[in-house]
Each structure stands twice: as C-alpha cells, then as structure tokens.
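The structure under discussion appears below in the form of structure tokens.
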Number of protein chains: 4
Amino acid sequence: MNTKTASLKLIMLLALPSLVAAQNTSTVTYIPKHEELVYTFGGHPAKMHLTPGTTLITWTEDCYDGAVKSPNDVPSKVIPPGHDNPQTGPFYIDGAEPGDALAVHIIKLEPAREYAISSSFPGFGALTATSYTALLHEPLEETVWFYKVDKAKNTVRYQALKSKHTVDLPMRPFLGCIGVAPAAEEVRSTIVPEAFGGNMDTWQACAGATVYLPVNVPGALFSIGDGHLVEGSGEIIGTAVESAMNVTLKIELIKDAHLSWPRFEDDNYIMSAGSYRPLEDAARIAYNDIVRWIAANYSMDLQDAYELVSQTADTDLTQMVDPNYTVVVKVPKKYLPAGEVMNGMHRKLRTK
Amino acid sequence: MNTKTASLKLIMLLALPSLVAAQNTSTVTYIPKHEELVYTFGGHPAKMHLTPGTTLITWTEDCYDGAVKSPNDVPSKVIPPGHDNPQTGPFYIDGAEPGDALAVHIIKLEPAREYAISSSFPGFGALTATSYTALLHEPLEETVWFYKVDKAKNTVRYQALKSKHTVDLPMRPFLGCIGVAPAAEEVRSTIVPEAFGGNMDTWQACAGATVYLPVNVPGALFSIGDGHLVEGSGEIIGTAVESAMNVTLKIELIKDAHLSWPRFEDDNYIMSAGSYRPLEDAARIAYNDIVRWIAANYSMDLQDAYELVSQTADTDLTQMVDPNYTVVVKVPKKYLPAGEVMNGMHRKLRTK
Amino acid sequence: MNTKTASLKLIMLLALPSLVAAQNTSTVTYIPKHEELVYTFGGHPAKMHLTPGTTLITWTEDCYDGAVKSPNDVPSKVIPPGHDNPQTGPFYIDGAEPGDALAVHIIKLEPAREYAISSSFPGFGALTATSYTALLHEPLEETVWFYKVDKAKNTVRYQALKSKHTVDLPMRPFLGCIGVAPAAEEVRSTIVPEAFGGNMDTWQACAGATVYLPVNVPGALFSIGDGHLVEGSGEIIGTAVESAMNVTLKIELIKDAHLSWPRFEDDNYIMSAGSYRPLEDAARIAYNDIVRWIAANYSMDLQDAYELVSQTADTDLTQMVDPNYTVVVKVPKKYLPAGEVMNGMHRKLRTK
Amino acid sequence: MNTKTASLKLIMLLALPSLVAAQNTSTVTYIPKHEELVYTFGGHPAKMHLTPGTTLITWTEDCYDGAVKSPNDVPSKVIPPGHDNPQTGPFYIDGAEPGDALAVHIIKLEPAREYAISSSFPGFGALTATSYTALLHEPLEETVWFYKVDKAKNTVRYQALKSKHTVDLPMRPFLGCIGVAPAAEEVRSTIVPEAFGGNMDTWQACAGATVYLPVNVPGALFSIGDGHLVEGSGEIIGTAVESAMNVTLKIELIKDAHLSWPRFEDDNYIMSAGSYRPLEDAARIAYNDIVRWIAANYSMDLQDAYELVSQTADTDLTQMVDPNYTVVVKVPKKYLPAGEVMNGMHRKLRTK
C-alpha cells in the first residue's frame with residue numbers, strides 16, 4: 001500500500017507478546033496492517049520500540065476504520081462497534097518514564113486516498129441530542145458526504161447532497177488523534193481526548209508543529225490516527241473531512257517535564273490544550289496551564305502572566321462533539337519575554 | 001483481618017492467572033487481602049466466578065486504601081498514588097453477556113471499623129478549584145476529620161476541629177462504588193462514575209436496594225468498594241464519612257435487558273442514574289432514561305411519561321466532586337401504572 | 001372571584017400614579033384585577049405599601065395568565081407574548097433599604113380553581129432543544145394536561161392523554177415565583193430566577209416556610225405568582241401542575257442582613273437557593289452560601305462548616321428549565337450548633 | 001437641533017423628559033456629558049432620535065466610568081457601584097419596530113486618551129472564583145495595569161508590575177458593548193451580553209464591520225460603550241485594554257428581519273453571536289443561528305448547511321468572564337453560494 005523498507009515485514013508480526021527490538025536507525029517505517037490497528041489509548045502492548053530522535057514514517061487509517069468506501073456505506077452499519085478512530089501504534093519510546101514529556105514534531109501529513117469523507121452520526125454532534133445531552137427528540141438522519149481530494153490544488157470538494165452548492169475548500173491536514181497511554185491505569189476509547197491527548201481534533205496538530213505530551217507509563221505508548229484534511233472550529237457535525245494519511249514524525253523525549261496537559265508549539269505560538277466538559281472547564285484548563293507555564297518559564301509573577309495571556313491569547317475551539325470538548329489556547333511568541341520553552345525542543349526538531 | 005468461613009483461604013489465592021472455579025453453593029464468602037484490591041473498573045482478571053443467584057459475603061476497604069489510621073495521617077501523603085477507592089473484585093458472573101444486566105441486591109452493610117474518616121483533598125471538592133475547574137487560587141488546606149462509630153446507636157460523631165461543635169449523625173451506610181467493566185475496552189479509575197456505574201457515591205446503593213448495571217463484557221466483572229456511613233447531597237467536600245464495610249449482596253442476571261445507564265429499585269421507587277458533566281447533562285441522562293423506561297415498560301406515550309415524571313420525580317444530587325457528577329432520579333412506584341419493572345427482579349431478590 | 005373584605009375595592013384602584021397609603025392595620029387584603037398583574041421583577045411602581053408585620057391576604061393568577069381555560073386552549077396561542085407568570089404586586093415594604101432582607105412567612109396556600117394545568121411548550125423543557133440549548137431538531141409537540149383538583153382529598157388527578165393511566169397525586173402547594181426588584185437597576189422577566197428570587201419553582205416556598213430575600217431597592221418591591229400544586233424535582237417538562245392560588249403571607253423586615261441570595265427556613269431546615277447555569281454553578285452558589293452562613297452565624301471555622309454541610313445537606317434540584325436553573329440546599333437544624341439564624345425570625349413568624 | 005459641533009452644548013442638556021427631535025441631517029454629532037451616561041440596556045428614555053441612514057459621531061467613556069485615572073486608583077473603590085461599562089445612548093432609531101433589525105456599520109474607532117487600563121477585579125475573571133462560580137477561596141489581589149497608548153505606532157505598551165517584561169501590543173480597537181433594549185420588558189446591566197447584544201466583548205465589533213441587532217422595542221434604544229484597544233480570546237482577567245473612544249457609526253434599519261441573536265458581517269465573513277452559559281450553550285446558539293441563517297438565505301438543505309459550517313467555521317471565544325459567555329462563529333463568504341445576506345446591507349454601508 002505504501003513502499004517501505006525491507007525491515008517492514010518484520011515489524012508487522014505483531015500480536016507477538018514480546019516486542020520488536022528498539023530501532024537504532026534514525027528513520028523507521030511502519031505501515032500497520034488493518035488487524036494491527038487499535039481502538040484505545042492504553043491497554044495494548046507496544047507495536048515497536050523507538051529510540052528518541054527517531055523519524056517515523058507511517059500511515060493512519062481514517063476514522064471510519066476504512067469501512068466507508070462509497071457514499072452508500074452507512075457508517076453506523078458498516079463500522080464494527082468500537083472501531084472508531086483506529087490508531088497506528090502504540091509505540092514504546094525508549095527511556096520514557098512518568099513525569100517526562102514526549103515531543104512529537106510533525107514533519108509531513110498527506111492524504112493517502114483520492115477521496116475523503118464526512119458524515120453525521122445519529123446521536124452525535126454539537127447541534128443534536130447525544131448520549132450525554134440526552135433528550136426526547138428523534139435523531140437527525142445519518143448522512144454521508146464524499147469529498148474528492150485534489151492534491152495538486154491542495155483542496156477537497158464540498159458537494160451538497162440535497163441543495164445546489166459546490167465549493168473547493170483548501171486542505172489543512174492534521175492528526176485528529178495524537179496521544180499516549182493515560183495515567184492511573186486507565187484505558188480510554190479513541191473517541192476521547194483528555195490529559196493524555198487523544199482525540200483532540202485540533203488543526204494545530206499539523207505539519208510544522210511540535211506536540212508535547214505528558215508521559216504516564218514507561219515507554220509512553222504513543223499512537224496516532226484520525227487524519228483530517230479540513231475542519232472548522234467546533235467540528236460541529238461530529239466529523240471533519242476524514243482521510244487515511246501518510247505521516248512523517250520525529251519523536252524526542254524531555255526528561256522531568258511534568259506536564260499536566262498537552263502543549264503545542266510552532267514557529268509563532270506556544271499553546272496549551274484542555275479537554276473536558278463543560279466547555280468552560282476545557283478552556284479554564286488551557287488558560288490556567290498557559291498562564292502557569294509562562295509564569296514558570298519566564299519567572300513572571302502569576303498575575304502579570306495572567307494579564308499578558310488575557311490580552312494576547314488566541315483560541316481554537318477545536319471540537320465540542322467528543323466525550324470531552326477541546327480548547328487550544330495560543331500565545332504569540334513575539335509577545336513573550338526573550339527565551340525558549342521546553343528547552344528549545346521545537347527549534348531543534350523543526351526542519352528548514 | 002476479618003474472621004470468615006473455612007473456604008476463605010482457598011479463594012484468597014488470587015494473583016493466579018487461572019480463575020477460581022465458579023461456586024455451586026448459594027452463599028460465597030470472599031474477604032480480599034490488601035494486595036488483591038484493584039483500583040480500576042475493567043482491566044483486571046476476575047478474582048472468582050459467581051453463579052447468578054449467589055449470595056456474596058464480603059468486605060471492602062475504605063476509600064483511603066486503609067492508609068489513614070489516625071487524624072495525623074495526611075491522605076495525600078500516606079495513600080500510594082492511584083490507590084483511591086480500592087475495589088473488592090472483580091467478580092465474573094457466569095453467563096453474563098453484553099446486553100444483559102446485573103441485578104445486585106444489597107442485603108446488609110455494616111461498618112467494619114470503630115472509626116470512620118472524612119477529609120478535604122487539595123484540588124478536589126465542589127467549592128474549590130480542581131484539576132478540571134482549574135483556577136489560579138492556592139488550594140484549601142488539607143484537613144482530616146475522624147468520626148467515632150457507635151454501632152449500638154447507629155451514629156457517627158462529628159467533631160469540629162477548629163470550632164466548638166459536636167453532633168451525632170445517624171448512619172445510612174451505602175457503597176460509594178458499585179460497577180462493572182466499561183464498554184469499548186475502556187478501563188476507568190475507581191474515582192470515576194459513568195454508564196458502567198462506578199463511583200456514583202449515592203446513598204441509594206444501601207441495604208434493601210437493588211442496583212441494575214449494564215453488562216459490557218463477558219462475565220460483567222463486577223466490583224464494589226468505597227463504603228460510606230453518612231453523606232449529604234453533593235458530597236461537597238469530596239469525601240463522605242468513609243469506612244471499611246462488611247457487605248452481603250445477592251447477585252442475579254437479567255438477559256437482554258439493554259440498559260444504557262445504571263438503574264436502582266427499592267420497595268418504593270424506581271430510579272435512574274446519570275453521571276457526566278456538566279451537571280445538567282448528568283440530570284438529563286437520568287431523566288431521559290427514566291422517562292423512556294416508564295414509557296417502554298408500561299406502554300405509555302412518551303409525552304405522557306414525560307409529564308408523569310415531571311410531576312412525581314424526586315432527585316438525589318448525589319455528588320458533584322468526582323470526574324463526572326452524579327444525579328439519581330426517583331419515581332414513586334405508587335404513581336406508576338400497575339405492573340413491575342425488570343421482570344419483578346427486586347421483589348424476587350428482596351428479603352423479608 | 002374570591003370573597004374579600006369590604007376595603008377591597010379601595011385597594012383595587014390601582015393604575016393610580018400615586019400609591020395607596022401604607023396600611024396601619026395588621027391584615028391587608030389585596031386581590032388584583034387582571035390588568036394589574038405585572039410580568040417583570042422590577043420595572044413597575046408599587047401597587048401598595050405594606051408595613052413590616054403585616055399579614056397579606058391575596059390571590060395569584062396561574063402561570064398561563066389565566067388564558068388556558070380548557071384542554072383545547074393551546075398556551076402558545078392564547079397567552080399574550082410575555083404574559084408568563086403574572087405577578088401579584090409589587091408591594092412596597094415600608095422601611096426596606098438595600099442591604100436589608102425581607103422575611104416572608106407563608107401562612108396559607110390554597111388552589112383557587114377546580115382545575116389545574118400542565119403543558120409542554122415548544123422549545124422549553126429539560127429534555128428538549130430550547131432557545132438556549134439550540135439544536136437542529138424539530139420541537140416536541142405542544143401538549144396540555146388538565147388536572148381535576150380535589151380539595152377534600154388534597155389531590156390532583158393525572159390523566160394520560162394518549163395512554164391508559166390515571167392516578168391521584170397529593171398536593172403540595174407552593175409559590176413558583178417569589179421575589180423582589182433586582183439589583184443594578186435591572187428588570188427581569190418573571191420566567192427568570194436569580195439572586196432576587198423570582199421564578200425559583202421550589203416547593204420549599206410552601207405554607208409553613210419563611211423565605212428571606214435580599215432587598216435591592218427602597219421598598220424591596222416584592223411580588224408573588226405562579227402557584228404550583230404538584231411538581232417533581234427538575235420540573236422537567238417546563239411546567240408544574242399550575243393553578244391560581246389563594247395566598248396568606250406575613251411579611252417582616254430584617255435590617256442590614258446583607259444576603260447575597262435567597263434563603264429559606266422552616267421548622268426543620270435552614271436553606272440556601274442558587275439560580276444560574278450551568279447547574280453546578282447554581283449548586284455552588286447554594287452550597288457556598290449555606291457554608292458561609294453557618295460559619296458566620298455559629299462562629300465556626302470555614303472548613304468545619306464545609307465538612308458539616310458536606311455530611312448533612314439535603315438538596316432540592318428544583319428546576320432545570322428556566323433561563324437559570326435552581327438548586328436549594330437544606331441543612332437540618334438538629335445538626336447545627338445551638339442558636340438561631342436570622343435573629344429567630346422564623347420562630348417569631350410561624351403560627352402554631 | 002444640532003448640526004454637529006456648534007450646537008453640541010445644546011444636546012448635552014439631557015435629562016429632559018421630552019426627546020430631542022429626529023435628525024434630518026445625515027451626520028449627527030453627540031458627545032455625552034458624564035451625567036448622561038447610562039448603565040443598563042433598556043430602562044432609559046432615548047437621548048435623541050436618529051433617522052436610519054444617519055452617520056453618528058460620538059464618544060464613549062471607558063468601562064471604569066472614567067474613575068480610574070492613575071495606577072493608584074483601585075477600581076473597586078473609585079467606581080460608584082453599578083457604574084460599569086457606561087453607555088452612550090440610548091438612541092431612538094426612527095421607524096424601528098420589534099421584528100426589525102438594526103444594521104450598525106462601524107466606520108471609525110480611535111482611542112480618546114493617551115493611556116488605557118486593564119485590571120483584575122476580586123471575584124471576577126475566568127481563572128478565579130466568582131459570584132456565580134462561588135467557591136471558598138480568598139479572592140485574588142486586585143491589580144491595575146496602565147498601558148501607554150502610542151497612536152502613531154498603533155500600539156499599547158504592556159508593562160509587567162512585579163516582573164521584568166515590557167512589550168508593545170498592536171491595537172485592534174473595538175466596542176465591547178453594542179446593544180439595544182432587551183425583549184420582554186427586561187432591563188439588563190451593561191456587564192451582560194445576551195440576545196440584545198450588549199457586553200459581547202468581541203473584537204469583531206471593529207471598524208469595517210457591520211453589526212446586526214434584533215429590535216425588541218419601538219426605536220430599538222441603541223447604545224454603545226466599553227471601548228477596547230486590545231483583547232485576547234476569552235478576556236480571561238475580566239478586562240481588556242480599556243479606553244475611552246472616539247466613534248463614528250452609520251446606522252440603518254432592516255424591516256422584518258426577525259433575528260434571534262446578534263449577527264456580524266465584514267468584507268470576508270458572516271458571523272453569528274451567542275451569549276449564555278455554559279459556554280457550550282453560547283456556542284450552540286451561535287452555530288445553530290449561522291446554520292439556519294445559511295440554509296434559509298441560500299435555500300440550502302439544513303444538513304447540507306450543517307456540514308458546510310462544520311468544515312468552514314472559524315470561532316472567536318470572545319469572553320468567558322461576563323454573566324453570560326460569548327462565542328462568535330464566522331463563516332468565510334468565499335465558501336458560501338453566490339448571493340448576499342441581509343439584503344446586501346454591509347456592502348451598501350461600507351465605505352471604500
């Protein structure tokens with residue numbers, strides 16, 4: 001399906017109780033078979049070991065488990081129960097211990113198919129009754145939109161189903177899911193975002209960004225999935241423009257980082273992500289994290305940092321459809337004191 | 001630690017990979033050693049098999065993992081990380097399959113120690129900043145109250161620490177935690193209540209009540225813990241009057257019950273429990289469940305059932321401190337049409 | 001419509017720009033004409049002056065503005081826009097100044113008609129999309145239930161419309177609306193509860209209870225309405241069993257009470273009411289108020305009071321349908337230190 | 001009566017019970033005296049009549065009522081109670097009737113002083129306990145930051161108080177408050193945003209934008225205030241960089257527009273604003289409004305519009321500190337079907 005190195009077959013022998021040995025090479029390619037995909041954060045043995053500093057070339061299936069292949073495939077009927085957001089991984093990062101942070105720099109993200117998919121699910125979405133906002137209404141009709149991907153123009157084509165409207169939307173590919181095994185022995189579904197990252201559905205997890213994740217278990221047990229080509233704020237219908245994805249990442253380790261929640265960094269911003277309900281608590285988590293981060297990193301008074309964030313923050317209301325809602329708060333680096341965050345890890349990882 | 005039947009030692013051989021064989025006797029006694037306690041719902045092999053119809057005599061440790069033994073033991077220092085709400089179990093209920101429901105009738109609950117404990121945790125509680133309602137305040141001071149248990153008078157003694165006030169509070173013992181393994185391969189911390197039951201912290205789980213739990217995995221993997229002697233609505237400080245507990249339960253199985261959320265029944269009420277955030281979503285879950293339950297069970301029109309619940313429901317705002325908040329909605333049986341719910345299971349299980 | 005004293009006609013001359021002089025008599029009867037009813041808290045001149053200590057005999061129209069007179073009257077069509085929850089009042093309480101509290105003791109509440117009404121409104125209710133929880137669903141069908149009132153048996157008769165079920169429900173009459181003019185020059189609709197009281201829809205406002213309301217403007221501008229005969233927790237369909245009501249109250253004034261939110265007292269409980277969204281904030285308001293009230297009134301340490309409330313509070317989730325949701329938290333007096341609250345006002349006002 | 005500057009003094013005689021006559025001229029200048037400012041939406045007689053099509057040149061005081069004049073002026077001590085967010089207005093727009101919409105095009109916004117102010121208030125802000133998220137913590141210390149305004153460079157200077165950090169932030173001036181009299185006879189404080197607009201604190205109300213407001217009362221009773229020079233998403237400390245402002249607006253009327261909530265338009269976006277709690281309800285209001293707006297305006301199927309918004313929306317989490325939280329959802333015009341919204345009003349109003 002994708003060309004790979006010779007060592008690939010070896011790593012694909014997977015249900016194996018013992019792990020594939022850690023890679024010494026600086027670049028590793030791993031393309032999972034369908035049966036190797038997993039549907040939880042935590043709860044699965046690592047597929048392979050990766051040494052910090054490794055560049056990983058890999059592939060992710062779409063959120064529909066690859067089961068929706070035509071506009072006539074009704075997701076709720078063709079997806080096996082619990083097979084949402086299949087994950088590539090988990091990967092055991094050598095040396096990662098609780099209290100450390102992973103730094104995952106996303107180098108490249110490209111759609112792996114000629115089409116992408118979006119749909120409404122019954123009982124899922126920001127503008128419908130759901131299993132958690134439980135009401136007496138009948139569910140909205142399940143509907144599937146197929147998008148044609150034009151890689152040359154970097155667009156996908158929106159085509160209304162029961163109306164006359166067609167428009168090309170520019171692609172902004174990102175990983176809807178990026179996470180590690182949760183703390184406290186928990187195992188969470190891949191539809192959930194929380195302190196371990198997971199289904200944050202934020203476009204900030206795009207090429208050029210570095211994602212920092214708290215390590216909760218030895219090896220971190222990192223995984224990715226749920227590639228999105230386009231998504232508006234809120235992801236209100238419950239899905240983005242969903243696609244299998246070719247992915248290139250570089251993974252590093254920061255010892256004793258003691259993050260509480262995921263953070264992001266790109267060339268222009270530092271960012272904190274909160275995922276919970278109600279939405280104001282997700283936002284409080286993110287705002288609180290970035291205020292305390294800035295205060296600690298730059299030796300600023302807490303109220304001075306509070307004021308600085310209050311006047312300079314930009315916010316991505318990434319999704320309000322998953323079991324927890326996600327808010328990403330961004331502060332432009334140009335307004336911060338001189339100096340770097342996270343030991344300059346983003347600068348070191350970014351490629352020119 | 002507690003005197004028990006002769007067969008006890010046998011069942012206590014536990015870390016064993018193979019399970020103790022299912023019991024044919026109608027009464028089973030199982031008193032866990034400390035190292036047998038677990039700290040998650042799901043994620044652990046069953047400690048023993050139980051045949052539906054079995055009466056289980058057992059014991060639960062307090063929410064402090066038994067580590068707080070005097071007023072000088074500061075919980076956040078003496079409890080090993082993640083060792084909140086230790087569970088007795090899990091038990092594999094023979095024949096239980098996803099879609100079935102467990103019916104757990106609580107026959108007897110008695111405090112197992114002469115004292116009980118309550119405390120405030122830093123960053124936990126309804127009237128403080130928490131890890132999810134993240135604010136810039138300093139945490140409130142961690143404080144421990146010891147309660148003397150008077151079994152003869154059925155009271156515990158509240159003694160203010162920095163004020164002059166002493167008062168005896170009547171005991172109303174219940175299990176703060178009662179649950180099964182979650183759906184979708186999830187494993188959840190024992191501080192969490194959700195659709196699988198868990199840390200619902202509701203006094204409705206008291207002697208004389210029947211708790212119905214949806215079965216998500218073969219065998220259900222049922223467990224209990226977190227005994228409470230007294231608790232007000234909301235459990236606002238984050239803990240009840242907490243105690244190790246001697247427990248007698250009878251467990252039955254209802255095939256193809258297809259519950260979405262836990263339900264309760266006692267001689268006077270049918271009840272539905274919702275656990276989520278925000279609190280109105282927890283309440284919506286419970287109200288929606290009981291309206292649909294009544295409509296389906298009694299062949300009533302949905303709006304007629306909505307109106308009936310609207311005028312007759314009583315509500316227990318059980319706790320708003322755990323990662324999800326819990327609401328239990330109760331409808332008096334005397335206002336319902338003639339007939340039974342859940343195949344009359346509560347009537348069959350209750351003891352005269 | 002109701003038999004009244006001879007002086008009645010006099011007080012009914014009402015649209016008058018100048019106020020009726022304050023009453024020296026200890027009992028005043030005031031039965032409003034329909035055109036004298038008001039639909040806001042604040043924003044209207046007082047209908048009459050009342051001296052503290054006065055017993056007021058009066059009458060309130062039902063929440064439907066009296067416009068629903070048969071099961072065929074569709075509320076959304078027959079009620080003039082904005083004419084929900086008509087109020088009797090406002091009354092100017094002589095001597096009341098901002099910072100004081102009104103103490104309103106409810107002596108008698110009786111249904112004033114032979115029938116009572118409940119209905120679902122489109123876009124209103126706890127289990128439907130609403131104007132604030134705005135979703136894409138079609139509204140549920142508007143439906144009206146008529147209840148026959150049996151004063152001798154103290155019941156109302158629930159009669160299902162599209163199902164076979166009839167049952168008598170015991171009456172527990174209370175005032176859905178009881179409030180004063182808001183602070184900060186605000187005027188609020190009579191469907192809103194907030195710090196000024198208002199549409200709290202709590203059965204705690206029943207005969208035998210004393211309601212304490214913060215005074216925000218000179219004279220307080222007190223009013224009542226929205227009588228309920230029966231209501232379950234949550235008032236989930238959006239209405240209780242609604243009725244015009246004959247009302248007897250006694251009103252007193254407590255100088256410099258500095259309440260933030262309404263409080264209640266009966267022979268057994270002291271209570272605090274919070275009304276806001278999300279529901280946990282309504283609950284926090286009520287819990288925070290009662291903890292601080294107890295700490296201040298009984299000179300208790302704040303954490304000791306927190307613990308005492310945590311173990312003894314009972315809670316009424318009164319409604320989650322109005323623009324703000326209401327929670328009433330109750331602490332039994334028998335668990336409090338010796339002494340009275342609010343200068344013993346409830347004891348003085350209660351009738352044997 | 002007043003063609004601009006010369007006749008200005010005359011219009012400043014304002015407590016007058018009768019209104020200034022409607023203006024025939026196309027440009028009106030109105031600079032309020034301090035005693036003419038108001039502190040509510042609704043509840044005050046109009047200061048003057050304006051004919052649709054009028055350009056209004058005016059001025060607004062800062063949110064501190066102009067009382068904070070040096071870093072030593074503590075806001076909670078120097079501002080008279082209830083004097084937050086003073087409003088210039090209200091203006092009676094001739095011909096405006098309930099069901100119509102005002103279209104307010106903001107032509108110019110400039111800081112009217114050499115300094116601007118930000119501060120934290122005790123019990124106010126996104127990362128503190130507040131009067132509605134009531135907790136047992138002590139309030140954070142009240143703190144005031146003074147910003148020097150550099151009009152030439154279009155910046156304000158952030159200067160940390162207890163840390164070493166100084167940085168210039170680019171100005172993006174906007175009106176924190178823009179609103180009309182509420183529906184249902186309500187009068188709301190100027191710290192509140194709701195369906196009538198009000199204290200939305202969104203930078204989208206900047207020069208070049210058109211704000212559409214639902215008319216609830218004859219004449220609309222439009223007012224503005226609370227100028228902001230800089231503000232981050234969320235306005236988390238409770239204030240932006242606050243300034244008195246010189247303002248030029250053009251006001252038009254759209255008959256029978258039947259808006260439910262405020263909308264905005266600029267050259268690139270159409271936008272809907274929701275203001276409520278919890279934050280997800282504010283967002284639902286805005287998302288629901290823009291989906292239904294697009295479906296109706298472009299004759300699109302509701303689910304097709306839902307999908308289009310889901311993939312293209314951008315969101316401004318404008319503030320989560322006021323009594324209601326505000327979310328503004330934006331959809332780029334370039335992704336919409338051909339055609340205009342609101343009868344092309346923005347195009348007609350915008351200045352080249």
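Worth knowing before you read on, the calculation uses all heavy atoms, side chains too, and leaves out hydrogens, waters and symmetry mates. Sequence lines set the chain letters: A, B, ... in the order given, protein chains first and strands last, and positions in each chain run from 1.
Other residues, nucleotides and ligands contribute more than 12 heavy atoms inside 6.0 Å of the CZ atom of Arg113(D).
In this pair, His228(A) and Phe174(A) present their aromatic rings perpendicular. The plane angle is above 60°, beyond the 30 to 60° band.
Of all heavy-atom pairs between Gln319(D) and Met200(D), the closest is CG-O, 3.7 Å.
In terms of non-hydrogen atom pairs under 4.5 Å with chain A, the most contact-rich of Val230(D), Val329(D), Asp304(D), Asp301(D) is Asp304(D). Of the listed residues (Ala295(A), Pro170(A), Ala282(A), Ser299(A)), the greatest number of heavy-atom pairs within a distance under 4.5 Å of chain D belongs to Pro170(A). In terms of non-hydrogen atom pairs under 4.5 Å with chain D, the most contact-rich of Val156(A), Leu308(A), Asp314(A), Asp316(A) is Leu308(A). Here Pro337(A) is the residue among Ala160(A), Ser118(A), Pro337(A) with the most heavy-atom pairs under 4.5 Å with chain D. Among Thr166(D), Thr312(D), Leu161(D), the residue with the largest count of heavy-atom pairs under 4.5 Å with chain A is Leu161(D). Ranked by heavy-atom pairs shorter than 4.5 Å toward chain A, the options Ala240(D), Pro332(D), Ala338(D) are led by Ala240(D). Listed options Val167(D), Asp168(D), Val321(D), Leu302(D) were ranked by heavy-atom pairs under 4.5 angstrom with chain A; first place goes to Val167(D). Contacts with chain D were tallied for Gly238(A), Gly125(A), Ser163(A); Ser163(A) has the most, counting heavy-atom pairs under 4.5 Å.
Side-chain contact of Glu194(A) with Ser275(A): a donor-acceptor pair under 3.5 Å is absent, judged by distance alone. No donor-acceptor contact under 3.5 angstrom links the side chains of Gln303(A) and Glu307(A), judged on distance only. Between Tyr64(A) and Ser119(A), the side chains place a donor N or O and an acceptor N or O closer than 3.5 Å (distance only, hydrogens not considered).
With a 4.5 Å cut-off on non-hydrogen atoms, Val291(D) touches chain A through its side chain but not through its backbone. Interface residue Thr133(D): only side-chain heavy atoms are found under 4.5 Å from chain A. For chain A, the nearby part of Ser120(D) is the side chain; its heavy atoms alone come within less than 4.5 Å. Of the atoms belonging to Tyr287(A), heavy atoms from both backbone and side chain fall under 4.5 Å from chain D. No part of Asp281(A) comes within reach of chain D, as not one of its non-hydrogen atoms sits under 4.5 angstrom from that chain. Of the two parts of Lys334(A), only the backbone, made up of N, CA, C and O, holds a non-hydrogen atom closer than 4.5 Å to a non-hydrogen atom of chain D. Heavy atoms of Tyr158(D) lying under 4.5 Å from chain A belong exclusively to its side chain. Only the backbone of Leu336(A) comes within less than 4.5 Å of a heavy atom in chain D; its side chain stays farther off. With a threshold of 4.5 angstrom between heavy atoms, Met320(D) approaches chain A through side-chain atoms but not through N, CA, C or O. Both the backbone and the side chain of Tyr335(D) come within less than 4.5 Å of a heavy atom in chain A.
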Hey, mind stepping through Arg263(D) and Asp289(D) against salt bridge (Lys or Arg N to Asp or Glu O under 4.0 Å) and telling me if it holds? CA-CA 9 Å; Arg263(D) 292 173 177 172; Asp289(D) 185 74; 2.8 Å; yes

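At distances below 3.5 Å, at least one donor-acceptor pair connects side-chain atoms of Arg172(A) with backbone N or O atoms of Glu231(A). When atom types are taken as modelled, the side chain of Asp322(D) and the backbone of Asn324(D) share no donor-acceptor pair closer than 3.5 angstrom.
With contacts defined as side-chain heavy-atom distances shorter than 4.5 Å, the pair Pro193(A)/Asp201(A) does not qualify.
Salt bridge status for Arg277(A) with Glu280(D): absent, with no side-chain N to carboxylate O gap under 4.0 Å.
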